[in-house]
2 protein chains.
Amino acid sequence: MALVHTILTLLCDHPASGYDISKQFEESVACYWKASQQQIYRELGKMEGKGWVAFELVPQAGKPDKKIYAITETGHQELLRWYQEPTEPTPIREDLLVKVLGGAYLPNPILIQELQRRRQTHLEQMLRYQEREAQYQSNPHPSLQDRYRYLTLRRGIRYEQDWIHWCDEVLVLLKQPDGGVQGYNALGG
Amino acid sequence: MALVHTILTLLCDHPASGYDISKQFEESVACYWKASQQQIYRELGKMEGKGWVAFELVPQAGKPDKKIYAITETGHQELLRWYQEPTEPTPIREDLLVKVLGGAYLPNPILIQELQRRRQTHLEQMLRYQEREAQYQSNPHPSLQDRYRYLTLRRGIRYEQDWIHWCDEVLVLLKQPDGGVQGYNALGG
DNA sequence: ACCATATACTCAACTTATTGAGTATGTCAA
DNA sequence: TTGACATACTCAATAAGTTGAGTATATGGT
C-alpha cells in the first residue's frame, strides 16, 4: 500500500504533524493519492510502531499537543526498498463509465446532464492545477523537490484535459439526432 | 458502490452466471471497473438477498451447477434510481506518481526504467483496445448496447494514450543532463 | 453573540477489496 | 502423463478505506 510510502516521501522533505501531512495531501498530492485525515493518523501510528517514523511531542497553548513526525533510518530503508519494487497501474473504478455503459437503459437527457456536469468539474480542477503550474513556472530556481512535484502536477493537468476531451467527444455523439447514439427505451414504464 | 450497478447493467443485456459476468469484466469492463471473481460472487449473493436479481439453477455434467442470474423488476428500479444520482469523479491512487514525487530520493535510472516499463504497459493496453475499436468499426450495424460500450472503450483508449504522452514528457526531462530534473542524493549510503 | 473555519488529534463501526485456499472436472498440448 | 488453462462456485482472513462522532480552543466575520 502506497499511502505509507507517500507519507514517508513527504517526511523526507521535512518533519511534519499528521495535520500538516493531511494539508499537503489536499493541496498537492490529491491529484494522484487521496487519503482522509483519519487514514493518515492511523498509518502514522502504525508506522511509528514499525520504527519507520519517530515523533516529538510539541506542547501547544490551547490546542492538543502536536506530534511532529520525522522519518527514521529504518524508514528510509523501507522507502528505498519500495521505490525499487516494480509498480503496476492502479485498477480503475469509474461510476460515470458504468452509466455510459448502461446508456441504453437510462434517459438520454440524464446522461447528457451528467457528462456536462463532469466536464465542468474537470475543467475547474484543470484551472486550479494550471494556476499552480503558472506559480511553478514563475519561480526561476525551483528546488529539486519542486521540479519532481511539478511532473506529478503535469499528470494531473493532462488527466483533467483528457476527461474534458472525452466528455466533448461523447456529448457530440449523444446530441446528434441520427447516426449517433440514441434510442432510450424506458424501463418499466 | 457501483460494482452492484455495473453487474445490474450487464444483466440488463442478458442473464448470465457469475462466471460469465467475471469474463465480461475482464474483456470489456476492465478499462473502467475492475472486480475479482470473488467480489462478483459475493455481490450476486447479496443482490439476490435484496431481490434485485434472481437465479435459475442449471445442472451441468461434471461441473458445479450454474447459477444463471437475471435482473428483476426491483433490480431495474434500483438501477434507474442509481443512474439518476449524480456521480463524482473517483479519487485517484497511483503508486507511480508517488515515486515521481520522491524522485529526489531514489536513483534516477530506477525511475527512468519504471517510466519506460509503464509506457510499454500502456502502449500494449492501448493496442489491445484499438483492436477492439477496429472490430467495432468494421460492424456496419452495431447494436445500441455496442454503441454505448464503444464510448467507454474510447475512454480507455484516451486514458492509455494520455499515460504514454505523459511518460514521454517526463522521460525527456529526466534524461536531459542539464536544465531538466537531476540530482539524486543517495539515501543512507 | 453567534457562526464558520481552522488547528490537532482520537476512537469506533462499517463497508469494500484483496489474497489465498479449497472443491470438482474437462480439454489440449508437450 | 504431467501441467497449463478453462469452467464454476464457496469460504475465510486480512487489509484498506469510509463515515461519523468526540475533545478542545482560537480567530475572524456578521
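Throughout, protein chains are lettered first and strands after them, A, B, ... in sequence-line order, and every chain is numbered starting at 1. Note that the structure is predicted; figures quoted are calculated from it, not measured.
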What's B/K23 touching, base or sugar-phosphate or nothing? Going by heavy atoms closer than 4.0 Å.
sugar-phosphate

How is A/S22 classified with respect to the nucleic acid when contacts are heavy atoms under 4.0 Å: base, sugar-phosphate, or nothing?
nothing

To the nearest 0.5 Å, what is the distance between CH2 (A/W33) and CD1 (B/I92)?
11.5 Å

Taking the side chain of [X] as its heavy atoms from C-beta onward, which of [options] lies nearest to it?
X     : options               : result
B/Q39 : D/dT19, C/dC9, C/dA17 : C/dA17
B/Q38 : D/dT18, D/dC11, C/dA8 : D/dC11
B/Y41 : D/dT10, C/dC9, C/dT18 : D/dT10
A/K67 : D/dT10, C/dT16, C/dC9 : C/dC9

Quick one: [X] [atom1] to [N] [atom2], roughly how many Å, whole number?
X     : N      : atom1 : atom2 : answer
B/I68 : D/dA8  : CD1   : C1'   : 10 Å
B/Q37 : C/dG20 : CD    : P     : 16 Å
A/Y19 : C/dT10 : OH    : C1'   : 15 Å
A/R93 : D/dA16 : CZ    : C1'   : 12 Å
B/I40 : C/dT19 : CD1   : P     : 15 Å
A/R42 : C/dA12 : CZ    : C1'   : 11 Å
A/K46 : D/dA16 : NZ    : P     : 6 Å
B/D20 : D/dA6  : CG    : P     : 15 Å

Any side-chain heavy-atom pair from A/Y19 and A/Q37 closer than 4.5 angstrom?
yes

Taking the cut-offs as 6.0 angstrom to the six-membered ring centre and 45 degrees off its axis, would you call B/R119 and B/W166 a cation-pi pair?
no

Establish, for the pair B/R155 and A/W163, whether the NZ or CZ atom is under 6.0 angstrom from the six-membered ring centre and no further than 45 degrees off its axis.
yes

Considering heavy-atom distances to DNA chain D, does B/G18 or B/P91 have its closest nucleotide positioned more toward the 5' end?
B/G18

Passing candidate, side-chain hydrogen bond (donor to acceptor under 3.5 Å, both in side chains) with B/T87, options A/E94, A/K99, A/R118:
A/K99

Whether A/S36 contacts D/dT19 is assessed here as follows: a side-chain N or O lying under 4.0 Å from the phosphate OP1 or OP2. Is that the case?
no

Is the distance from OP1 or OP2 of C/dC9 to the nearest side-chain N or O of A/S17 less than 4.0 Å?
yes

